[in-house]
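Scroll down for the structure; my scribbles are underneath it.
On a predicted model such as this, the values are computed, not experimentally measured, just so you know. No hydrogens, no waters, no symmetry mates; every other heavy atom, side chains included, goes into these values.
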Amino acid sequence: MRGRLSPGKTARPGCVRAAAGAALAAVFALAAPTTSLAIFVDATVAAGLAGVEQFHGEDETVEVFGGGVAAGDVDRDGFTDLCFTRGRSGPPVLFRNRGDGTFEDVTATAGLGAPTGLFSSAALADVDGDGWLDLLLLGMLDTPPRLHRNAGDGTFLPATDGGLVLPGSSWSASFGDWDRDGDLDLFVSRWGQLVATGASARQLWRNRGDGTFEDATLEAGLVPFASPSGVPQVDLSFTGNFADLDSDGWPDLLVAADYGGSGILHNRGDGTFERVVGNGVPNDENGMGAAIGDVDGDGDLDWFVTSIWDPDGVAEGAWGVSGNRLYLNDGSGRFSDATATAGVREGWWGWGATLADLDADGDLDLAHANGYGYAPASIAFRSDPTRIFLSNGDGTFVESALALGAATTGNDRGIVAFDYDRDGDLDLVLSSNHDGPTLLRNDGPGGRSLSVRLRGPGALSEGIGARVRVVAGSGGAVQMRELRAGSNYASQDPAEAFFGLGSAREAARVEVSWPGGGTTVIEHAAAGGIVLDPPPGDPACAVAAADNPCITGSTSTSSRNECLLEWRVRSAEVQRDPLGRPSARVSCREGDPACDAGGAPGACAFTVTACTSNRDPRLSSCAAGDVASLEVRAPRRSSRSAAERVARRRLDDSLGASGRLGVVPGVFRNATPDRCEDVRVEVPLAGGGTRTGRMTLEVKVASSDGRTDSDKLSLACLPPG
């Protein structure tokens with residue numbers, strides 16, 4: 001106990017996307033100069049993050065564990081935004097990254113100013129598969145979780161629990177597709193939760209496919225992560241992470257837990273996990289935070305866990321004093337303890353951790369947050385400094401936080417590594433339990449770098465689970481990153497792969513292995529940043545499902561019906577002509593679970609798919625060809641209807657027609673056949689919800705040989721009843 005505390009589906013095929021030649025879609029960062037030293041400057045005030053009160057929790061309660069921060073591109077403008085939880089200090093606060101080195105508080109305008117209760121941490125993930133990051137807030141002391149869905153227009157829909165029932169307290173949320181059905185599932189750490197014998201600890205949650213969750217803990221074989229010598233019904237988990245440890249394509253589970261409760265769980269691929277034991281690992285005494293990455297450069301994922309280290313070697317309370325652990329993976333998902341050799345043991349009272357190449361030299365460095373010191377026995381840890389272990393490139397590290405200007409003492413809990421100012425190096429933000437956040441800007445003249453972001457299909461819109469490998473320059477070593485929506489402890493890095501290139505001006509090769517199969521390769525990628533799409537040719541694009549016919553989309557006789565672009569609308573009722581052919585008129589009844597994809601009350605939500613150069617075998621006249629240009633004609637950007645403006649923005653973003661995210665117009669140029677883009681469109685009812693509402697979508701495409709195709713699609717939302 002800390003101080004005097006008592007811890008009292010089936011696969012869904014989806015159409016994938018590919019930019020020209022499965023290649024480069026955008027450049028969004030500049031290369032940095034070349035040396036190998038990172039120097040941090042406190043930019044909290046300059047960036048507009050000062051004055052945020054975090055927590056000030058009641059001493060001797062679990063509130064002293066809270067203080068989270070989530071990082072992600074909420075508005076899809078290419079810059080990472082931040083959300084902090086604040087305990088009794090107020091509702092969580094959302095900061096939008098302006099892209100000029102500063103943040104603005106958009107909590108109120110985003111519709112997030114109302115949540116009441118005690119929230120421990122936040123996490124961002126696309127849980128409903130509409131391409132926008134949703135916000136999950138975890139609660140303490142019986143505050144229920146809150147799931148805010150991103151509306152795509154700068155606001156979040158009213159909160160629900162998303163099916164999550166989490167009595168007591170929860171600390172860290174991690175997302176991953178552990179059942180490989182194409183959407184993001186969830187693990188929640190539950191330190192202190194009492195669990196009756198045979199009951200569920202409510203840790204593992206399966207996504208039903210619509211962004212709501214069901215408890216799969218017992219079904220998957222998980223039991224509380226408890227102390228081996230303690231009461232087995234008390235879960236002591238602090239940080240869980242999905243990671244493919246044995247490279248078999250199935251996400252495994254790593255859980256850092258208190259009092260010797262940490263665990264390694266292998267995903268059997270049949271919906272269950274098995275605990276892995278061997279080599280005396282894990283052996284951390286008080287596992288709290290965690291970081292995942294290929295520390296030794298051998299192509300698999302290693303695991304770092306924060307724990308308590310006391311320099312005098314004497315425990316003044318009921319905790320261990322042997323410090324952090326670094327576990328190296330042998331490639332099969334079995335680990336060995338490399339802590340002593342690596343030199344990362346001495347971390348004081350550690351919490352959140354991250355593995356990141358802070359000096360851009362090609363090796364992963366390690367940073368973690370610190371501090372506790374509320375109970376008399378632990379007061380010596382109150383001013384623990386942040387720890388930064390710089391890699392020597394040979395499996396050893398040197399602690400360098402003070403020399404780098406990063407030894408903050410804010411009693412921190414969460415930590416995030418991200419390039420907030422897009423200058424080509426990684427900055428750090430720390431969230432606090434008893435002070436405000438701290439932003440450490442990296443001003444060191446580090447090496448050049450390459451950042452890789454992915455746009456995956458459907459619910460895996462950030463490419464979660466994909467592996468990115470980069471070779472820096474000619475003859476460079478292979479660096480590997482796995483994109484995860486994981487947890488550092490009550491905090492998460494953005495889903496972006498950052499690679500230090502050292503003195504090299506380019507990556508000789510970039511290779512992406514996509515979840516579910518498929519590979520994208522780019523040769524000679526210049527230092528900076530790229531956004532990549534999956535390879536083309538997913539069979540789901542060429543052969544439509546029975547309830548998802550290819551719609552020619554023509555509403556006039558003037559269309560040449562070249563089949564350069566066709567529509568599909570999932571589940572909704574597609575009207576047909578006298579010959580049984582699908583027409584461009586589609587309807588859905590508001591609230592009907594058979595077709596309404598979770599829209600707001602008074603509106604129908606359609607999942608619309610636009611397929612270019614499509615080769616649907618049931619359309620004999622379809623002549624597949626390239627797409628030289630694309631234009632969204634309806635809805636209009638200047639429409640008086642807010643719903644139409646949102647739909648237009650989503651079409652522009654998904655089809656690459658707007659220039660957002662740095663994507664140049666013509667991202668479809670020379671697109672290979674069978675590229676499909678999912679777009680979620682909400683059509684409100686008319687007349688105060690008593691009359692049918694309608695919306696028209698129109699896209700015009702042209703091929704390099706002069707053929708054109710302008711297809712309209714009419715969506716109708718019918719009143720309930």
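Contacts of N241 classified as side-chain hydrogen bond (donor to acceptor under 3.5 Å, both in side chains), with partners at least two apart in sequence or in another chain: R484. With sequence neighbours left out, R467 forms a salt bridge (charged side-chain N to carboxylate O under 4.0 Å, His left out) with E482. Scored by the side chain to side chain contact (heavy atoms under 4.5 Å, CB included) test, A338 finds L328 as partners (sequence neighbours excluded). For F103, the ring-ring contact (aromatic ring centres under 6.0 Å, His included) partners two or more places apart in sequence, or in a different chain, are Y420. When the side-chain hydrogen bond (donor to acceptor under 3.5 Å, both in side chains) test is applied to S491, no partner is found at least two apart in sequence or on another chain. Residues satisfying the ring-ring contact (aromatic ring centres under 6.0 Å, His included) criterion with F175, sequence neighbours excluded, are absent altogether. When the ring-ring contact (aromatic ring centres under 6.0 Å, His included) test is applied to Y327, the partners found at least two apart in sequence or on another chain are W303. The side chain to side chain contact (heavy atoms under 4.5 Å, CB included) check on S400 picks up L390, V398, L404, with sequence neighbours excluded. Not counting sequence neighbours, the partners of T306 by the side chain to side chain contact (heavy atoms under 4.5 Å, CB included) test are M288, F304, N324, A353, H368. Under the ring-ring contact (aromatic ring centres under 6.0 Å, His included) criterion, W309 pairs with W348, not counting sequence neighbours. Residues satisfying the side chain to side chain contact (heavy atoms under 4.5 Å, CB included) criterion with S432, sequence neighbours excluded, are Q54, D412, D435.
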E462 vs D126, side-chain contact (heavy atoms from CB on, under 4.5 Å): CA-CA, chis, key distance, verdict:
CA-CA 8 Å; E462 290 189 296; D126 182 8; 5.8 Å; no

Chi angles and distances behind the side-chain contact (heavy atoms from CB on, under 4.5 Å) call for L245, L254
CA-CA 9 Å; L245 303 177; L254 293 169; 3.7 Å; yes

Apply side-chain contact (heavy atoms from CB on, under 4.5 Å) to D73 and E496, showing your working.
CA-CA 10 Å; D73 188 1; E496 185 172 325; over 6 Å; no

Show the numbers, then the answer: is there a side-chain contact (heavy atoms from CB on, under 4.5 Å) between F238 and W351?
CA-CA 9 Å; F238 270 130; W351 291 98; 4.2 Å; yes

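A donor-acceptor pair shorter than 3.5 Å cannot be found between the side chains of S451 and R422. No hydrogens or angles considered: a donor-acceptor pair under 3.5 Å links the side chains of T386 and T408.
Residue pairs meeting the salt bridge (Lys or Arg N to Asp or Glu O under 4.0 Å) criterion with at least one partner in residues 499-518, sequence neighbours excluded, are R509-E511, R509-E523.
In this structure a side-chain-to-backbone donor-acceptor pair under 3.5 Å is present from N370 to G350.
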